[in-house]
Amino acid sequence: MRRNIVIAAVTAAALIGGGTATALATTGDDDRGTAPRADVSVSDDGGVRDEADGQGDDAAGERDDRDDADRVTSAKVTAAEAIAAALRETPGTAVSADLDAADDDTDGDDRRERAAWEVDVLAGDGTWHSVRIDPGTGKVLGSHRDGDEDDTAEVRAALKGTSVDAADAARAAAGKGTVTSVDLDDDGDDDGDGRAAWEVETRTDSKGEQDWRVDPGTGKVTADRSDSDDSGSDDD
């Protein structure tokens with residue numbers, strides 16, 4: 001009975017005074033001991049909240065980040081397989097493939113919230129398409145037309161006479177780790193040598209993310225010059 005009186009009195013005082021009060025709940029009379037403290041506050045609008053709510057939000061955010069990383073590294077469908085699936089859906093030339101943890105533009109569609117391979121394809125008629133591939137099954141989750149027509153001439157010029165496509169580049173770099181992205185550097189600006197190359201990102205448990213360049217003519221894999229840890233290594 002005493003506990004109810006104390007809480008009622010504190011709540012009433014907080015509401016009348018327009019402030020915030022904290023009550024310590026007990027199990028009953030003084031001679032029966034007290035229960036562990038529960039931090040409960042009465043807000044200005046009369047609501048009751050748990051002071052630990054903010055900590056729960058932070059923990060949930062950290063769990064989401066770990067879940068996203070797990071989905072990326074545990075993909076069963078390789079970059080080369082995702083590219084092949086995208087080209088079956090939309091024939092053309094695959095220019096990039098990126099394994100995204102989640103799509104921020106959900107549009108109310110739960111499928112777009114899942115991790116997926118995003119494959120950009122330049123079709124024969126010059127139109128660009130983005131195809132989403134399930135990293136667990138290889139199924140097409142969806143596709144839509146993109147507006148990258150301005151890059152068409154540059155991409156075709158960079159790949160003219162080459163024999164290594166995006167899937168080949170992914171397979172060439174697979175020995176370095178799990179391939180998480182393949183992108184065409186059509187003018188060599190990123191590396192500074194002026195030559196086109198496939199840029200491939202890999203991930204391993206021991207070394208984390210690493211960047212590589214794959215020659216579109218020979219398939220030779222070299223470390224990206226910006227990656228100082230591996231600047232001296234190269235492989236055929």
Side-chain angles (χ1 to χ4, degrees), residues 66-103 114-122 129-141 143 155 158-193 195-236:
R66 289 195 299 270
D67 290 344
D68 287 346
D70 290 342
R71 285 195 292 270
V72 167
T73 57
S74 64
K76 296 179 181 179
V77 176
T78 67
E81 292 169 343
I83 291 170
L87 292 178
R88 286 193 295 269
E89 172 73 13
T90 305
T93 301
V95 178
S96 70
D98 295 278
L99 183 56
D100 293 331
D103 193 328
R114 290 184 279 173
W117 283 104
E118 292 273 4
V119 183
D120 290 332
V121 177
L122 172 60
H129 303 263
S130 179
V131 185
R132 288 176 59 80
I133 304 297
D134 190 309
T137 65
K139 293 182 178 179
V140 176
L141 297 176
S143 65
V155 168
L159 295 178
K160 184 177 181 179
T162 63
S163 58
V164 178
D165 60 19
D168 294 330
R171 283 189 286 266
K176 303 296 184 179
T178 300
V179 175
T180 56
S181 73
V182 182
D183 293 281
L184 178 65
D185 177 14
D186 57 21
D187 55 13
D189 283 349
D190 291 343
D191 197 52
D193 60 6
R195 295 179 299 176
W198 292 105
E199 295 181 323
V200 183
E201 182 178 281
T202 62
R203 179 189 291 271
T204 63
D205 291 337
S206 59
K207 295 184 178 181
E209 293 182 357
Q210 292 179 290
D211 297 320
W212 309 92
R213 291 176 68 80
V214 180
D215 190 297
T218 66
K220 183 177 181 180
V221 180
T222 58
D224 191 297
R225 291 180 181 177
S226 63
D227 189 347
S228 58
D229 290 340
D230 297 291
S231 59
S233 64
D234 63 7
D235 293 290
D236 291 341

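Below, each value reflects all heavy atoms present in this structure, side chains not excepted, and no hydrogens, waters or symmetry copies.
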To check you understand the geometry: which heavy-atom pair defines the closest contact between [X] and [Y], and what is its length?
X      : Y      : value
Val179 : Ala79  : CG1-CB, 3.8 Å
Val140 : Ala85  : CG2-O, 4.3 Å
Pro135 : Leu99  : CB-CD1, 4.0 Å
Ala196 : Pro216 : O-CD, 3.4 Å
Trp117 : Val77  : NE1-O, 2.9 Å
Gly92  : Val121 : CA-CG1, 4.0 Å

When rounded to the nearest 0.5 angstrom, what is the spacing between [atom1] in [X] and [atom2] in [Y]?
X      : Y      : atom1 : atom2 : result
Thr78  : Ile83  : OG1   : CD1   : 8.5 Å
Ser163 : Asp215 : OG    : CG    : 8.5 Å
His129 : Leu87  : NE2   : CG    : 11.5 Å
Asp120 : Asp98  : CG    : CG    : 7.5 Å
Thr93  : Leu122 : OG1   : CG    : 5.5 Å
Arg132 : Glu118 : CZ    : CD    : 4.5 Å

(request) Using side chain to side chain contact (heavy atoms under 4.5 Å, CB included) as the criterion, point out the one residue from Thr202, Asp224, Val182, Thr222 that pairs with Trp212. (result)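 Only match with Trp212 under side chain to side chain contact (heavy atoms under 4.5 Å, CB included): Thr202.
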(request) For residues Asp185 and Trp198, determine if any side-chain heavy atom of one lies less than 4.5 Å from a side-chain heavy atom of the other. (result)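 They are not in contact (no side-chain heavy atoms under 4.5 Å apart), so the answer is no.
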(request) Any chance you could lay out the side-chain contact (heavy atoms from CB on, under 4.5 Å) test for Gln210 and Glu201, step after step, and finish with the verdict? (result) CA-CA 6 Å; Gln210 292 179 290; Glu201 182 178 281; over 6 Å; no
